[in-house]
Protein chains: 2
Amino acid sequence: MTTLGYAILGLLSREDLSGYDLTQRMAGRVGYFWSARHSQIYPELARLEDGGYVTHSVVEQKERPDKKVYEITAEGLDALKGWTIEPPKPRPTRDELTLKTYSVWLADKEKAVRLFREEELKHEEQLAHYEKLRGRMEGEWREDLTSTNSPEFASYATLRRGISYEREYAEWCRWMADSIESRRSTERRKRQNGE
Amino acid sequence: MTTLGYAILGLLSREDLSGYDLTQRMAGRVGYFWSARHSQIYPELARLEDGGYVTHSVVEQKERPDKKVYEITAEGLDALKGWTIEPPKPRPTRDELTLKTYSVWLADKEKAVRLFREEELKHEEQLAHYEKLRGRMEGEWREDLTSTNSPEFASYATLRRGISYEREYAEWCRWMADSIESRRSTERRKRQNGE
DNA sequence: ACCCGCATGTAAGTCGTTACATGATTCT
DNA sequence: AGAATCATGTAACGACTTACATGCGGGT
């Protein structure tokens, strides 16, 4: 089974969904840390059904095309439960901005500052969005968040990860931009002193 | 040009290296946020040479097999400089542990706590390793770190990212483990009270 | 008439991993 | 004699992205 398979099972364990619905959820970043396109989802659903992890039934709609609504099976739920508490196989972290940073000593400093300020802004915006969601969750789900057995707690926990990730990233971007800016003036002074 | 190509150029801009040397650097996590195997590196070097970004010369060694040592060209350096300050194309963040968290409400709580404690430890260890490196860098490179034009500053900057990333991750893992543990006792109490 | 949203698929191509393959030298 | 390191490649496969393909119904 692939990780994508478990991502789909994770969604289906909460509600029955069509391939189209799943695609919407996966675009909106399931748990904020996985995503997939419909071209990956439809074949994976077929494989999951083949393996007995899900079943589907056709739902006829008036004024909308028919759809296949998928449901998780008992075997699917078992597999998901088991996978959840197994250590993740370590995947190499790939982050292009940090890779760029490795060569930032060669770059035009003004443009580099602009780059890091822009990236900082993106992460701040994502952070603000997450914080808004967090406020809503803490308000609406106060009861559910007292138990770790609720899907609400699980959603909240992944959101917390999103929040701290974005905050950390934004802070580092700010540190980068500030560092380059302040050291730029140091170098200007040096050149003026003929050093 | 691929991102891997720029990763290689980033290394070659600092020193001339063979495919084998590059493989070692890429295994040890270039700038801590990119990696590749030799099977990807050798063909990519051929493409880079084809595009005029690098050249190679054969170095004969006594008591070691011959090797091809690669050198970045002026065009290669230009391309690298330009790429460095361009905004990275957004790649979806994929993190398996956070995906697992999305389904943690289904899992055995004791095993879940163990999982997050183990992952916390891994990130703490990585963090400790990075902190040691940081200490060494700040000691040995004091001069170089005052200028953003030095490769030492660039290495230091990526290390800073590694440090804050690992710290953030470890903290979140701890929060997760603590949350599940404390709420577990809440639920035990609830069951005992017949709620 | 044309575009948008709903709905489901397939095909081609890229990026990356694992495995296959070879050969020299040095250490045990 | 066998394992470990240096050194360079290719092949097969899996995961993911982009593009191709089709069809209905509603709104402008």
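Order of the sequence lines fixes the chain letters, A, B, ..., with proteins taken first and strands second; residue numbering starts at 1 for each chain. Only a predicted model underlies this, so the values are computations on that prediction, with no experimental measurement involved.
Atom CD of A:Glu60 and atom P of C:dA7 are 14 Å apart (whole Å). Put simply, NE2 on A:His38 is 13 Å from P on D:dA19, counting in whole angstrom units. Between the CG atom of B:Leu4 and the C1' atom of C:dT17 there is a distance of 13 Å, rounded to whole Å. The nearest whole Å value for the distance from the NZ atom in A:Lys68 to the P atom in C:dA7 is 14 Å. Between A:Trp34 atom CH2 and D:dA15 atom P there is a gap of 10 Å when expressed in whole angstrom units. In this structure, CG of B:Leu99 is placed 16 Å from C1' of D:dC16, rounded to the nearest angstrom. Rounded to whole Å, the distance from NZ on B:Lys67 to P on D:dT5 is 17 Å. The NZ-P distance, from B:Lys89 to D:dT18, rounds to 11 Å in whole Å.
Distances shorter than 4.0 Å separate none of the side-chain N or O atoms of A:Arg94 from OP1 or OP2 on D:dA15. For C:dA7, one of the phosphate oxygens OP1 or OP2 lies less than 4.0 angstrom from a side-chain nitrogen or oxygen of A:Gln61. Of the side-chain N and O atoms in B:Arg37, one or more sit less than 4.0 angstrom from OP1 or OP2 of C:dT18. Here A:Arg64 does not reach the OP1 or OP2 of C:dA7: none of its side-chain N or O atoms lies under 4.0 Å away. Look at B:Tyr20 and you won't find any side-chain N or O under 4.0 angstrom from OP1 or OP2 of D:dT8.
Between A:Tyr102 and B:Tyr32, a ring centre-to-centre spacing not shorter than 6.0 Å is recorded.
For A:Glu96 and B:Tyr6, the side-chain atoms include no donor-acceptor pair closer than 3.5 Å.
For C:dT18, its base sits under 3.5 Å from the side chain of B:Ser39 at one donor and acceptor pair at least.
Of the residues near DNA chain D, A:Ala36 and B:Val69, the one whose nearest nucleotide (by heavy atom distance) lies more toward the 5' end is B:Val69. Annotation: of the two residues near DNA chain C, A:Pro65 and A:Pro43, the 5′-most nearest-nucleotide partner is A:Pro65.
Seen from the ring of A:Phe33, A:Arg161 counts as a face-on cation partner, given the 6.0 Å and 45° thresholds.
B:Val69 and B:Leu22 fall into different hydrophobic clusters, defined by Ile, Leu, Val, Met, Phe, Trp and Tyr side-chain heavy atoms under 4.5 Å apart, directly or through other members. Transitive grouping of hydrophobic side chains (ILVMFWY, heavy atoms separated by less than 4.5 Å) keeps A:Ile85 and B:Ile180 in distinct clusters.
Among the protein residues, A:Thr2 comes within range of the sugar-phosphate backbone only, with heavy atoms under 4.0 Å from sugar or phosphate atoms but none that close to a base. Across all strands, B:Gln40 comes closer than 4.0 Å to base atoms (heavy-atom distances).
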